[in-house]
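Reviewing the structure listed below.
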2 protein chains.
Amino acid sequence: MTKGTQAVDLLDDAGIRPTKARALVLAAIMEAGRPLSHPALAALLPELDRVTVFRSLKALKASGLLHGIQGLDGLLRYVANPASRKGCPGKHPHFLCLECGAMTCLPEQRMPHVRVPEGSEVVGKQFLVYGLCPLCSAKNQKSGNPADLATRKSASAEK
Amino acid sequence: MTKGTQAVDLLDDAGIRPTKARALVLAAIMEAGRPLSHPALAALLPELDRVTVFRSLKALKASGLLHGIQGLDGLLRYVANPASRKGCPGKHPHFLCLECGAMTCLPEQRMPHVRVPEGSEVVGKQFLVYGLCPLCSAKNQKSGNPADLATRKSASAEK
DNA sequence: GACATAGTGCAATCCGGTTGCATTTTCGGA
DNA sequence: TCCGAAAATGCAACCGGATTGCACTATGTC
């Protein structure tokens with residue numbers, strides 16, 4: 001289990017207890033390589049209680065190993081922070097597929113600057129681009145389904 | 001009730017039945033002048049059932065009078081679309097105060113362009129800037145409270 | 001190895017969103 | 001003005017994700 005031990009190292013480095021649950025959660029997220037919601041993770045790790053998954057996510061996030069992105073569906077998704085960018089979330093936009101619910105990072109792009117009202121204090125930003133991923137776009141093209149994408153509840157498979 | 005009748009006109013124009021509930025909901029949102037969540041609206045309009053509020057919001061959104069923005073807390077908030085921009089949501093960023101939960105529009109700014117993976121289809125974008133609003137920032141300055149802003153659950157009053 | 005502390009699992013709760021269904025309102029036509 | 005179809009509303013109930021309390025277990029220290 002290379003990934004697992006690697007995850008344990010990261011936990012150690014981050015200064016939190018390297019427990020089995022946290023290692024599994026972190027490994028799963030890193031392996032996925034894209035933002036995963038709490039339910040998706042819980043499904044991916046049936047050997048863990050969903051509450052444990054939830055609390056592990058909280059701990060990992062607090063320690064700076066993960067950051068969360070809110071989807072259009074109200075589901076919070078988590079991605080691993082690359083070591084170099086630890087503790088600096090919100091540094092790039094994300095793309096959410098309305099069809100399959102999958103979320104991907106657009107890491108090579110910087111967050112645009114925004115002017116805020118005088119006196120405001122900016123803590124972070126979140127830029128979400130939504131639509132159809134290449135796969136679903138292709139699928140939709142064939143089966144001719146120009147439906148109410150923006151309205152539809154993130155339907156199938158992957159959360 | 002000037003606001004109310006004005007709302008009725010808007011409903012008529014939008015081509016949906018101008019019912020009391022819809023007029024009240026729309027008037028409340030326009031009066032607020034900033035994005036309100038469904039729970040906030042339900043609290044603001046105790047004479048209406050929360051389901052009715054919910055369905056009115058759906059109808060108003062479908063007719064292009066409103067658009068919704070997802071907050072960091074997973075709560076969907078609604079704002080009135082100015083007549084000129086009807087049916088064109090997602091045209092500007094929003095600011096969310098982590099302290100009081102109030103959300104404001106930053107309408108004078110355009111959505112930045114983002115490159116997406118080949119084959120993707122962009123339906124819309126959502127840009128959320130979060131932090132402290134001028135009021136809360138000032139309050140925090142005094143009472144010295146440099147706490148876990150990003151973690152905190154949108155605490156008090158306004159949703 | 002023993003102990004204090006932190007993490008885990010389970011059950012239960014909270015809350016926003018959503019649906020089914022019976023009743024009421026709206027609106028076009030008689 | 002009245003009538004009936006269609007749409008909207010209120011109520012109760014349900015669903016699913018988030019969160020908490022508490023007893024039990026694993027972790028790390030001395």
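Order of the sequence lines fixes the chain letters, A, B, ..., with proteins taken first and strands second; residue numbering starts at 1 for each chain.
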* Whole-Å distance between C:dT18 P and B:L57 CG? -> 11 Å
* Output the distance between atom CG (A:L65) and atom CG (A:L57), rounded to the nearest 0.5 Å. => 11.5 Å
* Could you give the CG-to-C1' distance, from B:L48 to D:dT9, as a whole number of Å? -> 9 Å
* Asked: At what angle, to 10 degrees, do the two end axes of the helix from C:dG1-D:dC30 to C:dA30-D:dT1 meet, given five pairs define each axis?
  -> 30°
* To do: To the nearest 0.5 Å, tell me how far A:H67 NE2 sits from A:H92 NE2.
  => 4.5 Å
* Hey, what do you get for CG (B:L128) to CD1 (A:I69), rounding to the nearest 0.5 Å? -> 13.0 Å
* **N or O in side chain of B:R22 less than 4.0 angstrom from D:dA8 OP1/OP2** => yes
* Starting at CG of B:L11 and ending at C1' of C:dT26, how long is that distance when rounded to a whole Å? -> 13 Å
* Rounded off to whole Å, could you give me the NE2-to-C1' distance for the A:H38 and D:dG16 pair? => 11 Å
* Taking A:K61 for its side chain and A:Y78 for its backbone only, find out whether a donor-acceptor pair lies under 3.5 Å. => no
* Calculate the interatomic distance between B:E47 atom CD and D:dT9 atom C1'; express it in whole Å. => 14 Å
* **A:D49 CG - C:dA11 P separation (whole Å)** => 9 Å
* Measuring from A:M30:CE to A:L66:CG, what's the distance to the nearest 0.5 Å? -> 9.5 Å
* **Separation between CD1 of B:I29 and CZ of B:R77, rounded to the nearest 0.5 Å** => 12.5 Å
* **Euclidean distance, atom NZ of residue B:K58 to atom P of D:dA8 [Å, nearest integer]** => 12 Å
* Asked: Roughly how far, to the nearest 0.5 Å, is CG of B:L11 from CZ of B:R22?
  -> 7.5 Å
* Within residues 29-57 of chain B or reaching into it, pairs that qualify as ring-ring contact (aromatic ring centres under 6.0 Å, His included) - sequence neighbours excluded -> B:H38-B:F54
* To do: Using a 4.0 Å heavy-atom cut-off, write out nucleotides 21-30 of chain D from 5' to 3' as B (base contacted by protein), S (sugar-phosphate only) or - (no contact).
  => B-----BS--
* Structure fact -> Winner on side-chain proximity to A:L75, out of C:dG17, C:dG9, D:dG17, is D:dG17
* Asked: For A:V114, does its backbone N or O pair with a side-chain atom of B:Q109 as donor and acceptor, under 3.5 Å?
  -> no
* Starting from C1' on C:dA11, measure out to CZ on A:F54 and report it in whole angstrom. => 16 Å
* Structure fact -> Taking D:dT9, C:dG16, D:dT19 as options, the one with an atom nearest any side-chain atom of B:P39 is C:dG16
* To do: Look at the side chain of B:A21 and decide which nucleotide, out of C:dG17, D:dT9, D:dA18, has an atom nearest to it.
  => D:dT9
* Presence of donor-acceptor pair under 3.5 Å, side chain of B:R50 and base of C:dG17 -> yes
